[in-house]
Amino acid sequence: MPELPEVETIRTGLQKLLPGRQIASVLRIWQKSLLSSQQDVDGFLCGACITGVRRRAKVLLIDLSTNYTLVIHLKMTGQLVFRSDAQQFGAGHPTASLIGDLPDRSTRVVIKFSDNSNLFFNDQRKFGWMRLLPTTEVQNLDFFKKVGPEPLAADFLAKDFASRLQRRAKSGTKAVLLDQTVVAGIGNIYADESLWAAEIHPSTRVQNLSQPKLKKLFVAVQDVLRQGIAKGGSTDRNYVDSEGNKGSFLEFAKVFRREGLPCPRCGTIIQKIRVAGRGTHICPQCQKELK
DNA sequence: CACTTGACCTGTCCGC
DNA sequence: TGCGGACAGGTCAAGT
């Protein structure tokens, strides 16, 4: 799924494409993919203009001129792809070879704009959701009340990172990195890459990490997230950006999906193990568990 | 309190 | 070629 770098890449793309467009109609192919407290969701969306696109953690926020906001979580397989009218049947368009013409069988919601362009919400596994809320109520969602700080915020410092991790001193480091209430936006890919960069075994309890190790992990987390954004995110299976393009970060990944290949640092064969219920990639030489 | 499991779903891959 | 099972990047609720 989209983690912070993927969602940020989508946000940047949509921010260039959507503001100023007016919603003309909404097609809900799978009802549960678009939720609202309002009975008449379509009526609340139609006629609204998009004013901006924000991100918090792995959540996208599309603000509307009506003071409502579309809150969107892509979960594992969600995609938000914009197509102008001219692209709809353009078999020769570069995006056509990646995800083909839209809608396709994974399309759950289509937002059509007054200029005949479309925003497609595709979601193979139907775990993702879009939700229409008054803008002022977004911050009242349980998720936003509990979610931790943005790891790339200018005022988020190594000491803040360390103290937040240490609230879960007895837990394994990877489980804590994945906990969105500790730090926002880290998922399986960037957790594995950060732990490799910091030379920490994912099962190591936080209480066994020295201060320098915690600092090293903080730097690693920021580095891999920034690199992920710079490469347009990671495409494993489903991820594409707002124009249907894949991200290239995985070409630069050091351990993720590289089991059986040599560690770029020491040459030891990378292993895939299971930690915190998740597939986990490590170099068994560089990342020894500290007891 | 911390961890695991199951649920939400579809698709793909692997072994028989 | 077909079929069963495991697995896939996230989050939440419930159980231990």
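Proteins come first, then strands; the chains are lettered A, B, ... in the order of their sequence lines, and each starts at number 1.
Put simply, A:Phe143 does not rest on the base of C:dT11: the two rings are not both less than 5.5 Å apart at their centres and under 30° in tilt.
As judged by a 4.0 angstrom heavy-atom cut-off over every strand, A:Arg274 is placed among residues touching the sugar-phosphate backbone only. Residue-level contact check: A:Gly279 touches the backbone only, with heavy atoms under 4.0 Å from sugar-phosphate atoms and none from bases. Counting any heavy atom pair closer than 4.0 Å across all strands shown, A:Lys272 reaches sugar-phosphate atoms only and no base atom. Residue contacts for A:Asp236: at a heavy-atom cut-off of 4.0 Å it reaches a base atom on one of the strands shown. Residue A:Asp142 is classed as having no contact, given no heavy-atom separation below 4.0 Å to the nucleic acid. Heavy atoms of A:Gly187 sit under 4.0 angstrom from primed sugar atoms or phosphate atoms, though from no base atom.
Between the A:Lys146 side chain and the A:Gln180 main chain, no donor and acceptor come within less than 3.5 Å of each other. Remark: side-chain polar atoms of A:Gln15 are not paired, donor with acceptor, to backbone N or O of A:Arg54 under 3.5 angstrom.
We find that A:Asp123 and A:Lys75 are not joined by a salt bridge, their nearest charged nitrogen and carboxylate oxygen being 4.0 Å or further apart. Using a 4.0 Å cut-off between a side-chain N of Lys or Arg and a carboxylate O of Asp or Glu, A:Lys231 and A:Glu251 do not qualify as a salt bridge. The existence of a salt bridge linking A:Lys58 and A:Glu3 is excluded, since no basic side-chain nitrogen approaches an acidic carboxylate oxygen closer than 4.0 Å.
Between A:Met76 atom CE and C:dT11 atom P there is a gap of 10 Å when expressed in whole angstrom units. For A:Asp123 and B:dT10, the CG to P distance is 10 Å, given to the nearest whole Å. Between the NE2 atom of A:His73 and the P atom of B:dC9 there is a distance of 16 Å, given to the nearest Å. One can place CE of A:Met130 at 17 Å from P of C:dT11, the figure rounded to the nearest angstrom. When the C1' atom of C:dC12 is taken as reference, atom CG of A:Leu35 falls 15 Å away, rounded to whole Å.
Distances shorter than 4.0 Å separate none of the side-chain N or O atoms of A:Arg237 from OP1 or OP2 on B:dC13. Phosphate contact (OP1/OP2 of B:dC9, side-chain N/O of A:Arg105, threshold under 4.0 Å): absent. OP1 or OP2 of B:dT10 has at least one side-chain nitrogen or oxygen of A:Lys126 nearer than 4.0 Å. Proximity of A:Ser171 to the phosphate of B:dC3: a side-chain N or O atom is located under 4.0 Å from OP1 or OP2. A close approach under 4.0 Å does occur between a side-chain nitrogen or oxygen of A:Lys32 and OP1 or OP2 of B:dC9. At the phosphate of C:dT11, OP1 or OP2 sits under 4.0 Å from a side-chain N or O atom of A:Gln180.
Mapping A:Lys170 and A:Arg108 onto DNA chain B by nearest heavy atom places A:Lys170 closer to the 5' end of the strand.
Proximity of residues 248-262 of chain A to DNA chain B (heavy atom under 4.0 angstrom from any strand atom) is not detected for any residue.
If you check C:dT11, B:dC9, B:dG11 against the side chain of A:Trp30, the one that comes closest is B:dC9.
Between A:Phe143 and A:His73, the two ring planes are perpendicular [angle over 60°; tilted spans 30° to 60°]. In this pair, A:Phe249 and A:Tyr190 present their aromatic rings tilted. The plane angle is within the 30 to 60° band.
With P as the reference atom, C:dG2 and B:dC9 are 28 Å apart, rounded to whole Å. Spacing of P atoms, B:dC8 relative to C:dC3, comes out at 25 Å, to the nearest Å.
Across every strand in view, B:dC9 sits unpaired, with no contact that passes the Watson-Crick or G-U test at under 3.5 angstrom.
One hydrophobic cluster holds both A:Leu165 and A:Phe218 under the rule that ILVMFWY side chains link at heavy-atom gaps under 4.5 Å.
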